[in-house]
Amino acid sequence: MLVFGLTFMASLASAQAAPPQPPRQSNGLALTPPMGWNSWNKFGCDINESVIRAAADAMVSSGMKDAGYQYVIIDDCWHGERDSNGDIQADPKRFPSGITALADYIHGKGLKFGIYSDAGRKTCAGRPGSRGFEYQDARQYAAWGVDYLKYDWCSTGSQDAKSSYETMSDALRASGRPIVFSICEWGKNQPWLWGETIGNLWRMSGDIYDGWESRDGHYNGMTNILDMQVGLESYAGPGHWNDPDMLEVGNGGMSFEEYKSHFSLWAVLAAPLIAGNDLAHMSKETKSILLNKEVIAVDQDALGIQASRLVKNGDDEVWVKPLQGGGRALGLFNRSKQTHKIGVSWEALGYPATLELRVRDLWSHKDLPRTHGSFAADVPPHGVVMIRVEA
Ligand code: GLA
């Protein structure tokens with residue numbers, strides 16, 4: 001009797017226990033850092049379907065598509081109200097042709113289409129968020145042909161970050177459409193610790209400011225965000241990237257040399273390269289930065305390793321990104337206002353000192369003399385010399 005009772009209780013307990021969940025798998029997308037354009041840094045809320053179409057047109061005509069840029073992403077402020085079924089609608093004044101037509105237009109150019117929502121009840125600009133509508137919104141995005149979702153963190157009150165992002169991650173998967181998931185939680189809850197199988201990229205800072213460093217209450221100048229990357233290298237890899245925020249190249253707050261540094265450093269960081277300028281009106285200088293295919297190739301290297309800061313000597317820094325095939329991309333970075341000679345030895349890079357290496361300058365697009373032992377270059381003020389070394 002006693003044996004029967006124990007067996008009965010044990011089987012009751014096992015009937016009630018939740019079935020073990022298989023470990024979450026990543027969605028298999030964004031095996032190299034996503035590349036594209038997003039409306040926010042330049043246009044803020046001042047968007048409509050012509051602005052987005054013009055960006056898609058320019059992405060093709062400027063050569064950006066051929067250089068690897070792919071996603072055309074509408075940020076905040078596209079939304080209208082939810083309809084009587086709770087389905088989210090686009091703002092009919094700004095997007096009179098509807099989102100399906102816009103997505104078709106973008107797809108027709110061989111590009112991909114991204115959109116924005118928020119894990120709370122409202123977006124950062126006060127439009128309807130997805131809280132409580134996650135599955136319904138994910139279904140709607142899939143029906144529209146969305147390929148990428150940036151998911152923000154405003155109006156979230158006491159919501160738990162990980163589970164909020166898990167809910168939308170599950171909803172996107174349930175939609176049946178492959179959708180890159182961009183976690184935009186500003187690093188508040190250390191998304192690098194939990195984001196790998198939930199999303200494909202995660203912001204690790206507040207919004208980027210189009211300036212060299214913090215100023216006048218703007219905290220996240222380009223170099224400030226760069227500093228926040230130190231220590232996060234090991235969390236990045238194919239399918240899951242630290243996101244130091246969208247590019248400001250071409251928006252006017254930094255010099256040509258500083259924008260070259262911004263782009264070079266984002267590339268060695270294996271950062272998403274999401275342009276944030278007005279693509280339809282780019283200067284020659286801006287194009288020469290965004291279209292530097294040798295720098296882009298470093299960002300897109302298949303190994304997907306984020307650079308570490310190997311040297312920090314006052315204003316002189318050396319960032320090193322291991323590449324497929326045994327090479328390294330180096331960013332020799334000068335934060336000072338004078339030209340500095342910055343160098344690095346082969347041994348510090350993990351090569352034998354006697355090894356002769358090929359050296360390629362990725363901004364002058366020239367092979368430099370093969371060299372052994374070390375490499376040094378004059379780096380202009382606020383500038384980067386970016387080279388690729390390989391046997
Ligand atoms: C937050 C995000 C920005 C942008 C705005 C839109 O601040 O971090 O990148 O999406 O919201 O309101």
Side-chain angles (χ1 to χ4, degrees), residues 33-48 51-52 55 71-81 88 90-91 94-95 99 113-131 137 141 146-157 159 161 164-165 168 179-192 195 198-211 214 217-222 224-226 228-229 232 241-251 253 262 266 269 271-279:
M35 293 178 64
W37 172 86
N38 172 300
S39 54
W40 184 255
N41 282 357
K42 171 70 187 175
F43 294 97
C45 267
D46 201 8
I47 49 166
N48 56 48
V51 167
I52 309 298
Y71 294 96
V72 176
I73 304 160
I74 319 182
D75 207 279
D76 208 344
C77 302
W78 60 267
H79 321 67
E81 298 302 321
I88 187 70
D91 180 331
R94 293 165 185 253
F95 295 89
I99 299 292
F113 173 53
I115 212 163
Y116 162 101
S117 188
D118 187 287
R121 297 201 187 282
K122 287 199 184 304
T123 71
C124 294
R127 306 303 197 271
S130 290
R131 175 76 171 152
D137 285 355
Y141 303 151
V146 166
D147 306 297
Y148 182 114
L149 175 67
K150 173 175 168 182
Y151 203 50
D152 217 338
W153 189 239
C154 279
S155 308
T156 45
Q159 275 173 241
S164 299
Y165 282 94
M168 188 44 108
I179 299 179
V180 170
F181 190 32
S182 158
I183 297 173
C184 179
E185 172 275 357
W186 321 313
K188 297 233 174 256
N189 296 277
Q190 301 178 295
W192 47 89
I198 295 177
N200 301 104
L201 55 155
W202 49 80
R203 285 271 299 278
M204 30 57 64
S205 73
D207 291 5
I208 191 170
Y209 157 65
D210 183 16
S214 302
H218 298 286
Y219 298 112
N220 300 300
M222 188 273 283
N224 307 106
I225 295 188
L226 179 70
M228 291 178 220
Q229 291 283 335
L232 298 184
W241 311 100
N242 290 304
D243 176 6
D245 208 357
M246 304 170 295
L247 296 164
E248 292 286 8
V249 176
N251 280 337
H262 177 22
W266 262 229
L269 290 173
L273 295 180
I274 309 292
N277 58 316
D278 182 357
L279 301 188

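All of these numbers come straight from a predicted model, not from anything done at the bench. Order of listing sets the numbers, starting from 1, for every ligand and every atom in it.
With ligand atoms numbered from 1 in the order given, ligand 1 contributes 8 (O), 9 (O) to contacts under 4.0 Å with heavy atoms of Arg203. Contact atoms of ligand 1 toward Cys184: 2 (C), 8 (O) (distance under 4.0 Å to a heavy atom of the residue). Short contacts between ligand 1 and Cys124, defined as distances under 4.0 Å to a heavy atom of the residue, involve ligand atoms 1 (C), 11 (O), 12 (O).
The proximity of Cys45 to ligand 1, defined as any non-hydrogen pair under 4.0 Å, does not occur for either the backbone or the side chain. When heavy-atom distances to ligand 1 are checked against a 4.0 Å cut-off, Thr123 has no atom that comes that close, whether in backbone or side chain.
Taking the six-membered ring where the residue is Trp, Tyr71 and Tyr148 present tilted rings, their angle falling between 30° and 60°.
Within the 4.0 Å heavy-atom cutoff, Trp186 counts among the residues contacting ligand 1.
Partners of Asp152 under the salt bridge (charged side-chain N to carboxylate O under 4.0 Å, His left out) rule, at least two apart in sequence or in another chain, do not exist in this structure.
A donor-acceptor pair shorter than 3.5 Å cannot be found between the side chains of Asn251 and Asn277. Checking Trp202 against Asn242 by side-chain atom types alone, a donor-acceptor pair falls below 3.5 Å. In summary, the side chains of Asp137 and Ser130 do present a donor paired with an acceptor at a separation below 3.5 Å, with no hydrogens or angles considered. Using a 3.5 Å distance cut-off with no hydrogens or angles, the side chains of Tyr116 and Asp75 do not pair a donor with an acceptor.
Nearest to atom 2 (C) of ligand 1 by heavy-atom distance, out of Asp245, Asp76, Asp152, is Asp152. One option in Ile208, Asn38, Ile73, Asp207 has a heavy atom closer to atom 8 (O) of ligand 1 than any other, and that option is Asp207. Of the options Met246, Arg127, Lys150, the smallest heavy-atom separation from atom 9 (O) of ligand 1 is shown by Lys150.
Of all protein heavy atoms, the one lying nearest to atom 10 (O) of ligand 1 is Asp75 OD1, 2.6 Å.
Aromatic pair Tyr151/Phe181: centroids less than 6.0 angstrom apart.
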